[in-house]
Every structure is written in C-alpha cells, then in structure tokens.
2 protein chains.
Amino acid sequence: MSDLVLTTYDWVPPPPRGLVRDLRVRWALEEAGLPYRVASTPFKDRQPEHFAHQPFGQIPWLTDGDMTVFESGAILLHLGEKSDRLMPADPSGRNEVKEWLFAALASVEAASQPWTLFRFMGEKEDTTAWKFFDDFLTLRLQRMEAVLAGGEWLVAGGFSVADILMADVLRAVDKFGGLAAYPACKAYVARATARPAFKKAYDDQMAHFAAAD
Amino acid sequence: MSDLVLTTYDWVPPPPRGLVRDLRVRWALEEAGLPYRVASTPFKDRQPEHFAHQPFGQIPWLTDGDMTVFESGAILLHLGEKSDRLMPADPSGRNEVKEWLFAALASVEAASQPWTLFRFMGEKEDTTAWKFFDDFLTLRLQRMEAVLAGGEWLVAGGFSVADILMADVLRAVDKFGGLAAYPACKAYVARATARPAFKKAYDDQMAHFAAAD
C-alpha cells in the first residue's frame with residue numbers, strides 16, 4: 001500500500017466528469033511519478049468523516065503518511081515541495097510557482113468559475129449578470145493571452161504545478177468555447193493536455209466514475 | 001528605506017475603499033511588526049511597468065529586497081514564512097495555514113465574490129443568477145459557521161495569515177449584511193477586526209486614498 005492516498009467522490013453525475021478537481025492532483029502525481037492509490041467517499045450521503053477531512057464536504061484531499069491536505073491548490077503546493085519535477089529548485093522560480101498557483105485560483109478561476117457555472121445553468125447572454133461576468137473573464141483572458149504568448153510554460157524553469165492548475169482552469173473555459181479569441185491560451189491548454197500524465201489522469205478519472213454507474 | 005515595499009494604487013473611487021486588497025498585506029505587516037513603506041502605482045493609466053510586476057494590472061505586490069511577490073495569497077504565505085507571529089512553527093500547523101489560505105480564496109471568496117459583485121451592481125434578488133450564487137454562498141457559509149464555532153482562530157496554533165485572509169473575505173460579505181444568519185462568522189470577523197493591527201491597516205488605507213482626492 002502506498003503512503004499517498006488521493007480521495008475523490010465514489011461517483012458524480014456525467015456532466016462534470018473530466019472536470020472534477022481530483023484530476024489536478026492525479027495529473028501532478030503522474031507527472032512526478034509518485035506511487036499513489038485512489039480512495040472514494042460518498043457523493044450522495046456525505047458523512048461527518050468526510051467533513052473532518054474536507055470542511056466544505058468537497059473533494060479532493062490527499063493523505064501523505066500521517067498528514068492530510070485539502071484544497072487542490074494546497075495539495076499541488078505540497079506535491080511541488082515534494083518533487084523536483086513539479087517545482088524548480090531556485091528561490092525565484094519557487095516564488096513564481098507560488099504566485100501562479102494563487103493567480104490561477106484567485107485571479108483566473110475567480111472570473112472563469114461564474115462564467116462556466118452560467119454556461120452549465122444555461123444563463124441567457126442578454127442579462128446584466130452574464131454581461132458583467134463575461135467582461136470580467138475577458139479582462140483576465142486578455143492578460144493571460146499576453147503572458148502565455150511569452151513562453152511555453154508559466155515559469156522560466158519549466159513545466160510546474162502552476163501549469164497543471166492554470167491549464168486545468170483554462171481547460172474548463174475552452175470546453176465551453178471561451179478561448180476562441182485567445183490563440184495563445186488555446187495552444188497552452190492543448191500543449192499541457194497533450195502530456196501523457198494528463199491523458200492518464202483524465203482517463204483514470206473517467207474510468208473511476210464510470211465504474212460506479 | 002525599508003527592504004519591504006508594498007505597492008497599491010495611488011487612488012481608487014470611494015465605494016471600494018476599506019476593501020482594497022492591499023489591506024490584507026498591511027494587516028499582516030502590522031501584526032508581524034515588520035517595517036515597510038507604501039508605494040503607489042496609477043489606478044487610471046496603468047503602465048507596462050505595472051503589468052511587469054502584476055500581470056493582471058491589479059494590486060497589491062510586495063517587494064522584499066530583490067524579490068517581488070504578487071497575489072495577496074502568495075504575499076501572505078511569503079510573510080507567514082518570514083515571521084513566526086503569522087504562522088505556527090510545527091509542520092502540521094503550517095500545513096493547516098496553507099490549506100486555509102487556499103480555502104479562503106478558492107472555496108469561500110470564489111463564492112462570496114460573485115455575491116458581493118452582485119450587491120455592488122444592484123442585481124435584483126429575483127433573478128436566476130442571484131438565486132444560484134446566493135445558494136452557492138450559503139453552502140460555504142454554513143460550513144464556515146461550523147468551523148468557526150469550534151475555536152477562536154482557524155488553526156489550533158493561534159492567529160495566523162489564514163485568519164487575516166479569511167476574515168478579510170468574510171468582512172466583505174458582512175458589509176452587505178450577508179452574515180446575519182451566521183453568528184460564529186460574524187463574531188469571528190468582529191474578533192479579527194478588533195485587533196489593533198487591523199485598525200491601523202484600515203485607517204492607513206483610507207488615509208492613503210483620501211490623500212489623493
């Protein structure tokens with residue numbers, strides 16, 4: 001039995017499959033070549049033990065020996081500090097990875113999540129709310145386009161956990177056609193998701209949920 | 001001249017004053033007793049130099065000697081690693097602080113920001129969008145209520161940068177009356193914002209923007 005255990009739901013409805021956040025962690029573990037196993041927690045009937053590991057009743061969480069880590073950003077930082085394949089060694093590069101981990105969530109996903117939730121719920125494009133959040137996302141994507149036009153990966157030291165998180169966030173926007181006007185963002189998502197570790201993580205997540213149908 | 005320089009806008013319109021994100025960083029610097037000075041970047045006419053420090057053209061960023069850090073979450077993590085007044089020493093406590101830094105942004109603010117933006121823009125409460133995001137925030141606040149009913153601060157080791165970030169996020173919800181049904185959340189915000197370091201940070205932000213009117 002491995003020391004690293006990734007916990008995700010036992011099942012989710014089909015629409016979010018392929019976008020559930022355990023994928024970010026699977027991807028990082030595959031990139032690092034760290035052995036791990038996957039455990040399940042009920043999606044439909046969440047127990048006190050679930051909330052003890054993840055206070056919001058969400059997934060994923062990672063158990064590493066006697067330590068448990070929740071929040072995908074914190075898990076990716078933890079794995080980045082564990083594997084030199086996921087974070088450069090120099091202090092400046094490590095600082096950049098941390099900046100971009102937070103930026104992927106607090107600057108980009110903070111704008112893309114309302115937008116993708118609107119897409120999921122079929123919000124009409126003529127409402128004030130849609131226009132506001134569509135403009136909000138546009139501001140962020142225009143800036144990411146400039147950043148990503150400047151290099152293969154976010155940090156000069158090479159592919160890192162920051163790319164896993166940023167590409168996963170932008171991938172959800174791309175799924176709903178939101179990157180059409182942003183060729184550098186689109187190419188970045190294509191580059192990141194062409195990596196064998198992503199494909200393995202994606203296929204494993206799809207198979208995990210399909211097995212519970 | 002101090003080695004630590006916090007950069008914020010030179011001016012912002014009155015409505016967001018007291019909620020601008022340099023406050024989180026001022027608060028942490030005051031708690032730690034670290035000497036710093038405040039620099040300004042134009043709000044109205046953002047220059048390439050601004051985007052070089054903060055890729056989204058937002059603020060704050062912190063200069064620490066020859067290193068620059070952007071994203072308020074990354075800055076708070078950086079300061080937590082710099083001062084034992086902002087993060088406990090034991091590995092388990094440090095892990096918890098990192099989890100809650102990410103949770104404050106990716107779980108709580110991800111739900112509270114659409115809600116507060118709706119309040120700012122005067123979204124009507126009978127729209128599908130309002131109801132969806134109000135329910136989304138409710139789910140998060142119900143869980144935070146359970147967490148905060150259990151202790152004075154988020155991490156057993158005592159007040160930390162995680163509390164600065166979480167209290168700052170919840171404070172924005174409270175400003176629009178969103179914590180009325182959550183007494184533990186409300187008491188937590190009151191407890192955090194009663195700290196002298198918060199008051200100093202708040203007054204300094206208000207004075208900084210007022211000086212430019």
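So that the names make sense, note that chain A is the first sequence line, chain B the second, and so on, each numbered from 1.
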*asked:* Under a 4.0 Å threshold between the charged nitrogen and the carboxylate oxygen, would K82(A) count as salt-bridged to D64(A)?
replied: yes
_I'd like to know which of M144(B), Q113(B), K98(B), M121(B) tops the heavy-atom pair count under 4.5 Å against chain A._
M121(B)
*Which atoms of L117(A) come close to chain B, meaning under 4.5 Å heavy atom to heavy atom: side chain ones, backbone ones, both, or neither?*
side chain
*Contacting moiety of V147(A), where chain B heavy atoms sit under 4.5 Å*: side chain
*Establish, for the pair R46(A) and F43(A), whether the NZ or CZ atom is under 6.0 angstrom from the six-membered ring centre and no further than 45 degrees off its axis.*
yes
*From CD1 (I59(A)) to OG1 (T8(A)), nearest 0.5 Å*: 3.5 Å
*asked:* Out of A103(B), A110(B), A111(B), return the one with the most heavy atom pairs under 4.5 angstrom to chain A.
replied: A103(B)
*Heavy-atom contact with chain B under 4.5 Å, split by part of Q142(A)*: neither
*asked:* Between D66(B), L139(B), V69(B), who has the most heavy-atom pairs with chain A when the cutoff is under 4.5 Å?
replied: V69(B)
*Any idea which of S107(B), P114(B), A146(B) has the most non-hydrogen atom pairs under 4.5 angstrom with chain A?*
S107(B)
_With a 4.0 Å cut-off on N to O distance, would you call D168(B) and R171(B) a salt bridge?_
yes
*Between K131(A) and E123(A), is the closest basic N to carboxylate O distance under 4.0 Å?*
no
_Distance to the ring centre below 6.0 angstrom and angle to the axis at most 45 degrees; does that hold for K44(A) and W11(A)?_
yes
*Show the numbers, then the answer: is there a side chain to side chain contact (heavy atoms under 4.5 Å, CB included) between Q54(A) and F56(A)?*
CA-CA 6 Å; Q54(A) 215 293 353; F56(A) 302 98; 3.4 Å; yes
*Pick from G73(B), S92(B), G57(B): which one has the most heavy-atom pairs with chain A under 4.5 Å?*
G73(B)
*asked:* Below 4.5 Å, heavy-atom pairs only: which of H78(A), E109(A), Q58(A) has the largest tally toward chain B?
replied: Q58(A)
*Among A106(A), P55(A), S72(A), which residue forms the greatest number of heavy-atom pairs with chain B at distances under 4.5 Å?*
P55(A)
*For T68(A), is it the side chain, the backbone, both or neither that has a heavy atom under 4.5 Å from a heavy atom of chain B?*
backbone
*Answer yes when E30(A) and R24(A) have at least one side-chain N-carboxylate O distance shorter than 4.0 Å, and no when they do not.*
no
*Best-contacting candidate, E99(B), E96(B), R140(B), against chain A by heavy atom pairs under 4.5 angstrom*: E99(B)
